[in-house]
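To start, the structure itself, in structure tokens.
Numbers here are sequence positions counted from 1. Here the structure is a predicted model, which means the values were calculated and not measured.
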Amino acid sequence: MANKRGKRRNFGSVRQLPSGRWQVRYREPETGQLRPAEKTYPTKTDAQVALTHIESDITRGQWSDPDAGAVNFQEYATAWLRDRKLADRTRERNESVMRLHILPTFGAGSLADVTTARVRSWRGKLLSAGVGEPTVVKAYQLLRALMNTAVDDELIRRNPCRTKGADRYDVPERPVLTVAEVFAVADSITPRYRLLVLLAAFTTLRFGELAALRRRDIDLEGLAVTVRRAQAELQDGRLFDKAPKSAAGVRSVSFPAELLDAVTRHLEHFAAPGRDGHVFVGPQGGQLRRSNFRDDWVKARKAAGVTAELHFHDLRHTGNTLASTAGASTRELMTRMGHSSSRAALIYQHMTSDRDRAIADRLGAMIRGGGGVASGTPGEDAERT
């Protein structure tokens with residue numbers, strides 16, 4: 001309660017300035033020192049109301065230092081990225097998104113300058129400028145994560161990234177091939193990559209997982225491939241194998257028995273030597289690269305007469321759809337795909353190798369019914385150019 005001079009005992013006061021406006025002064029909760037409020041007020045009553053609100057915030061532990069958000073955005077963002085534990089490729093992508101799409105708008109200002117309205121305007125301008133929606137979503141997610149940390153550091157009161165739906169986008173429906181179309185593409189591609197196409201479709205492994213496979217990861221007796229790592233490529237062209245993003249990524253996936261001959265022939269003619277040799281390598285024996293593989297993929301796709309919109313990754317979508325048709329449950333599909341989720345433990349508890357074998361066997365029946373499998377024994381001299 002204020003006394004006749006506008007003072008609130010042990011907390012703060014209001015006073016009139018020479019300009020005629022009223023100033024609020026209050027004690028900081030940590031230091032106990034008096035400090036002026038951020039702005040002045042036209043009347044004494046307005047100032048006293050503001051003082052009451054500040055006192056209430058401090059009492060409830062909701063007060064934040066108005067000067068805390070004055071931290072330079074770029075300096076904070078640089079330190080934030082540096083201190084995060086990230087895989088090399090993820091760090092490289094995040095740094096690129098930050099540099100190209102976030103810092104040009106917010107870098108010169110302070111954390112407090114990042115308001116909800118500015119975030120909404122920034123996102124709209126990126127989309128209007130033709131930046132792809134997946135990239136805009138990634139930029140928004142990165143900015144939101146940074147500002148969440150700023151909230152935790154008590155530099156700002158709340159996260160300004162509050163645009164509904166900005167953290168996701170609708171993925172266009174991808175084409176799904178029939179079994180016959182999968183084999184049409186596989187038989188149209190250069191022989192050293194035939195198995196790459198078949199495993200992508202019938203085990204749903206990602207390109208990076210296939211590129212990282214070693215001979216010891218192939219179990220010919222158990223008809224399975226084991227994923228232990230995935231290949232990644234940095235912007236400077238360096239290739240390296242990395243651990244999967246989650247425990248769910250390390251998995252053993254059964255392949256149909258109808259692919260055994262193709263697997264055996266490939267290991268005999270095309271895989272690198274030695275137990276640790278890569279299963280898939282280029283014509284000169286080097287590691288498989290997306291950029292080097294792309295031309296072969298495009299030629300095979302055209303020769304097979306399938307949709308021009310088909311990406312190699314769509315084979316994974318095709319395999320998932322075929323496995324679902326074969327009777328795989330949601331949990332079984334997630335396990336085969338290496339999908340990471342909060343239910344991963346439950347997936348591992350209920351997914352068994354016998355059940356996975358049954359899924360692969362039914363896929364094999366679909367292959368037989370779709371007119372696939374048969375192809376002449378390939379050799380280096382039979383490779384198409």
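Taking 4.5 Å as the limit, every side-chain heavy atom of Val114 sits out of range of all side-chain heavy atoms of Trp122. A 4.5 Å side-chain heavy-atom check between Lys299 and Thr190 finds every atom pair outside the cut-off. Residues Met98 and Phe106 fail the side-chain proximity criterion, which asks for heavy atoms closer than 4.5 Å. Side-chain contact between Gln141 and Val137 is present, with heavy atoms from C-beta onward closer than 4.5 Å. Put simply, the side chain of Val250 does not reach to within 4.5 Å of the side chain of Val227, judged on heavy atoms. Contact check for Trp22 versus Pro42: no side-chain heavy atoms found under the 4.5 Å cut-off. A heavy-atom distance below 4.5 Å is found between the side chains of Leu267 and Leu220. Using a 4.5 Å cut-off on side-chain heavy atoms (C-beta onward), Arg316 and Leu205 make no contact.
Ala232 and Arg89 get closest at one heavy-atom pair: CB-CB, 4.3 Å. Closest heavy-atom contact between Ala257 and Leu223: CB-CD1, 3.6 Å. Between Arg157 and Val151, the shortest heavy-atom contact is O-CG1, 3.9 Å. For Ala139 against Ile102, the heavy-atom pair with the smallest separation is O-CD1, 3.5 Å. Closest non-hydrogen pair, Thr116 versus Pro160, comes out as OG1-O, 3.1 Å. Shown here for Arg162 and Tyr140, the closest heavy-atom pair between the two residues is N-OH, 3.3 Å.
Each of Val176 and Leu363 belongs to its own hydrophobic cluster when Ile, Leu, Val, Met, Phe, Trp and Tyr are linked at side-chain heavy-atom distances under 4.5 angstrom. Side-chain heavy atoms closer than 4.5 Å link hydrophobic residues (I, L, V, M, F, W, Y) into clusters, and following such links, even through other members, never connects Phe240 to Phe280. Under a hydrophobic-cluster definition in which Ile, Leu, Val, Met, Phe, Trp and Tyr are linked whenever side-chain heavy atoms come within less than 4.5 Å, directly or via other members, Val49 and Leu17 are assigned to different clusters. By the criterion of side-chain heavy atoms lying less than 4.5 angstrom apart, applied directly or through intervening Ile, Leu, Val, Met, Phe, Trp or Tyr residues, Tyr41 is grouped together with Val14 in one hydrophobic cluster. Hydrophobic clustering, with ILVMFWY side chains joined whenever heavy atoms are under 4.5 angstrom apart, keeps Leu100 apart from Val131.
For Thr264 (side chain) and Leu260 (main-chain N/O), a donor-acceptor pair under 3.5 Å exists by modelled atom type. Checked by atom type and distance alone, the side chain of Thr204 never pairs as donor or acceptor with a backbone atom of Ala200 at under 3.5 Å. Judged purely by atom type and a 3.5 angstrom limit, Asn72 uses its side chain to pair as donor or acceptor with the backbone of Gln74. The closest donor-acceptor contact from the side chain of Thr203 to the backbone of Leu199 lies under 3.5 Å. With hydrogens and angles disregarded, no donor-acceptor distance shorter than 3.5 Å links the side chain of Arg27 to the backbone of Gly12. A side-chain donor-acceptor contact under 3.5 Å links Thr318 to the backbone of Asp314. Listed for the Thr163 side chain is no donor-acceptor partner under 3.5 Å among the backbone atoms of Ala166. Between the side chain of Thr105 and the main chain of His101, no donor-acceptor pair closer than 3.5 Å is present. Side chain of Thr59 to main chain of Glu55: a donor-acceptor pair is present (N/O by atom type, distance under 3.5 Å, no hydrogens or angles). Between the Asp187 side chain and the Ala184 main chain, no donor and acceptor come within less than 3.5 Å of each other.
The neighbour count for Arg294 CZ, taken as heavy atoms of other residues, nucleotides or ligands under 6.0 Å away, does not exceed 12. A 6.0 Å sphere centred on CZ of Arg158 holds no more than 12 heavy atoms belonging to other residues, nucleotides or ligands.
His266 contributes atom NE2, which lies 9.5 Å from atom OH of Tyr193 (distance to the nearest 0.5 angstrom). If you take CG on Asp152 and CG on Asn159, they are separated by 9.5 Å, rounding to the nearest 0.5 Å. Residue Gln231 holds its CD atom at 6.5 Å from NE2 of His278, rounded to the nearest 0.5 Å. In this structure, the separation between OH on Tyr76 and CG on Leu81 is 11.0 Å, given to the nearest 0.5 Å. Here the CZ atom belonging to Arg118 is positioned 8.5 Å from the NZ atom belonging to Lys125, to the nearest 0.5 angstrom. For the atom pair CG (Leu322) and CD1 (Ile359), the distance works out to 12.5 Å, reported to the nearest 0.5 Å.
Residue pairs meeting the salt bridge (charged side-chain N to carboxylate O under 4.0 Å, His left out) criterion with at least one member in residues 211-221, sequence neighbours excluded, are Arg214-Asp241, Arg214-Asp276, Arg216-Asp276, Asp217-Arg228, Asp217-Arg229.
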Q) Under the side chain to side chain contact (heavy atoms under 4.5 Å, CB included) criterion, do Tyr26 and Leu51 qualify, and how do the steps go? A) CA-CA 7 Å; Tyr26 62 95; Leu51 180 61; 4.1 Å; yes
Could you go through the side chain to side chain contact (heavy atoms under 4.5 Å, CB included) check for Phe202 and Leu259 one step at a time? CA-CA 9 Å; Phe202 296 110; Leu259 298 187; 4.0 Å; yes
Inset, instruction - Apply side chain to side chain contact (heavy atoms under 4.5 Å, CB included) to Phe73 and Leu146, showing your working. - result: CA-CA 10 Å; Phe73 182 94; Leu146 184 152; 4.1 Å; yes
Checklist entry - Step by step, would you call Asp113 with Ser110 a side chain to side chain donor-acceptor pair (under 3.5 Å)? => result CA-CA 5 Å; Asp113 292 332; Ser110 68; 3.1 Å; yes
>> Assess the residue pair Leu196 and Leu288 against the criterion (side chain to side chain contact (heavy atoms under 4.5 Å, CB included)); give the C-alpha distance rounded to whole Å, side-chain angles, the decisive distance to 0.1 Å, and a yes or no.
In response: CA-CA 11 Å; Leu196 187 75; Leu288 189 62; 4.0 Å; yes
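Ring pair Phe207/Phe293 is tilted by interplanar angle, where 30° to 60° counts as tilted. In this pair, Trp297 and Phe312 present their aromatic rings perpendicular. The plane angle is above 60°, beyond the 30 to 60° band.
Electrostatic pairing of Glu209 and Arg251 counts as a salt bridge here, judged by a charged N lying under 4.0 Å from a carboxylate O. Checked for salt-bridge contact, Glu268 and Arg265 miss the test: no charged N lies under 4.0 Å from a carboxylate O. The pair Glu233-Arg289 meets the salt-bridge criterion, with a side-chain N (NZ, NE, NH1 or NH2) lying under 4.0 Å from an Asp/Glu carboxylate O.
With sequence neighbours left out, Gln287 forms a side-chain hydrogen bond (donor to acceptor under 3.5 Å, both in side chains) with no residue at all.
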